[in-house]
K.L.:
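Dropping the structure in here first, questions after.
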Amino acid sequence: MKLATWNVNSLGVRLPQVLAWLEAHRPDVLALQETKMVDERFPVQALAELGYTAAYAGQKTYNGVAILARGPLEAVRVGIPGLEDEQRRVVAATLGGVRVICLYVPNGQAVGSEKYRYKLAWLDAARAWLEAELAAHERLVVMGDFNVAPEDRDVHDPRRWAGQVLVSAPERAAFRTLLDLGLRDAFRLFEQPGQVYSWWNYGALAFRRNWGLRIDHLLVSPALAAKCRACWVDRAPRAHERPSDHAPVVAEFGS
DNA sequence: ATGGCTTACAACGTAAGA
């Protein structure tokens, strides 16, 4: 089983790249964030031609999430229970007994801002919900754009980023509360080379210089962690023409 | 990059991203 997550920064622009990536890698599940696409325009047909079904929750201009899967998606849920939120940032579904949760965590904009407070409140609501989901589903993955670089080794220049949004102590503490539920960062289940990131700013040769952050994650329940064989970032799409600023993160599991 | 870029929306510029 292969699971992947990718913030595509507009599915309308990136659809050809997504279809090509699905054909090349054939993941069982691909979670998408920032589709920026209303549900009426979702490319159901193009995905079906490649053998993928989809659960999606979109909106115009901002946010939007989707789960693409090679098989039927059941128990689809949109949003976090009990959290009043117009922003489409969460979709969950079950595939073959595996609970798949796709998150697009708020960016937070700047430490101390209104959006930063929203981010922290949002993460707190997500934690409470994920605790219940973990209790209900032995095999569970939470994947997406968390907009948090968990540790300094996930940051190309920790001194420059110190205290900034995406790395600030309260954001990292909120991320750790997810790990404290028993979820494991699939990437850190393995020895990894240094300086592996999943996002690089557009322009200024940031990608070529590898000035990035690792903010896209797959968090897995203990039962899935035991089956995880590898986790990596696929940097190739970031080098395409008109790339997303994020690269896909992939994890592979034994049976 | 202390964004030098990219997206969407619908201006001929703004908001937002991370």
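Here is how names work: the chains are called A, B, and so on, in the same order as the sequence lines, proteins then strands, and each is numbered from 1. Model, not experiment: these values are computed from the prediction.
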K.L.:
Could you list the residues that satisfy salt bridge (Lys or Arg N to Asp or Glu O under 4.0 Å) with Arg117(A), not counting sequence neighbours?
P.N.:
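Testing Arg117(A) for salt bridge (Lys or Arg N to Asp or Glu O under 4.0 Å), a comparison that skips the adjacent residues, returns Glu114(A).
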K.L.:
Tell me the interatomic distance from Asp245(A), atom CG, to dG17(B), atom P, rounded to whole angstroms.
P.N.:
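It is 12 Å, rounded to the nearest whole Å.
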K.L.:
Could you tell me how the ring of Trp199(A) sits relative to the ring of Trp161(A): parallel (under 30°), tilted (30 to 60°) or perpendicular (over 60°)?
P.N.:
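Plane angle over 60°, so perpendicular.
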K.L.:
Rounding to an integer number of Å, can you tell me how far Trp200(A) CH2 sits from dG17(B) P?
P.N.:
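Interatomic distance, CH2 of Trp200(A) to P of dG17(B): 20 Å.
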K.L.:
With sugar-phosphate meaning primed atoms plus P, OP1 and OP2, does Asn7(A) contact a base, only sugar-phosphate, or nothing at under 4.0 Å between heavy atoms?
P.N.:
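If one applies the 4.0 Å heavy-atom cut-off, Asn7(A) turns out to touch the sugar-phosphate alone, with no base involved.
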K.L.:
With side-chain hydrogen bond (donor to acceptor under 3.5 Å, both in side chains) as the rule and sequence neighbours excluded, what pairs involving residues 18-30 of chain A come up?
P.N.:
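Sorted pair list: Trp21(A)-His25(A), Trp21(A)-Asp234(A), His25(A)-Asp234(A).
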K.L.:
Provide the distance between the two P atoms, one in dT6(B) and one in dA10(B), to the nearest whole Å.
P.N.:
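Between the two P atoms, the distance is 22 Å.
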K.L.:
Please work out if Tyr104(A) contacts a base, only the sugar-phosphate, or nothing of the nucleic acid, heavy-atom cut-off 4.0 Å.
P.N.:
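Sugar-phosphate contact only - Tyr104(A) comes under 4.0 Å of backbone atoms but never of a base.
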K.L.:
Considering only residues two or more places apart or on different chains, which pairs with a residue in residues 128-142 of chain A satisfy side-chain hydrogen bond (donor to acceptor under 3.5 Å, both in side chains)?
P.N.:
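Passing the test, one end in residues 128-142 of chain A: Arg99(A)-Glu133(A).
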K.L.:
Answer with base, sugar-phosphate or nothing: what part of the nucleic acid does Gln164(A) contact at a heavy-atom distance below 4.0 Å?
P.N.:
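Answer is nothing: Gln164(A) stays at 4.0 Å or more from every strand.
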K.L.:
Heavy atoms only, 4.0 Å cut-off, all strands: where does Lys115(A) land among base, sugar-phosphate and nothing?
P.N.:
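The residue Lys115(A) makes sugar-phosphate contact but no base contact.
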K.L.:
Of Leu213(A) and Leu205(A), whose closest DNA chain B nucleotide lies nearer the 5' terminus?
P.N.:
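With Leu205(A) and Leu213(A) compared, the 5'-side residue is Leu205(A).
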K.L.:
Going by the rule ring-ring contact (aromatic ring centres under 6.0 Å, His included), which residues pair with Phe207(A) if we only count those two or more places apart in sequence or in a different chain?
P.N.:
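Checked Phe207(A) against ring-ring contact (aromatic ring centres under 6.0 Å, His included); matches are Trp200(A).
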K.L.:
Scan for side-chain hydrogen bond (donor to acceptor under 3.5 Å, both in side chains) pairs involving residues 66-81 of chain A, sequence neighbours excluded, and state none if there are none.
P.N.:
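Sorted result for residues 66-81 of chain A: empty, none.
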K.L.:
Can you give one letter per nucleotide of nucleotides 5-10 of chain B, 5' to 3': B if a protein heavy atom sits under 4.0 Å from the base, S if only from the sugar-phosphate, - if neither?
P.N.:
BSSSS-
K.L.:
Give the rounded distance in Å between these two atoms: CD of Gln59(A) and P of dA16(B).
P.N.:
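It is 13 Å, rounded to the nearest whole Å.
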K.L.:
Rounding to an integer number of Å, can you tell me how far Tyr118(A) OH sits from dG17(B) P?
P.N.:
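Taking OH of Tyr118(A) and P of dG17(B), I get 10 Å after rounding.
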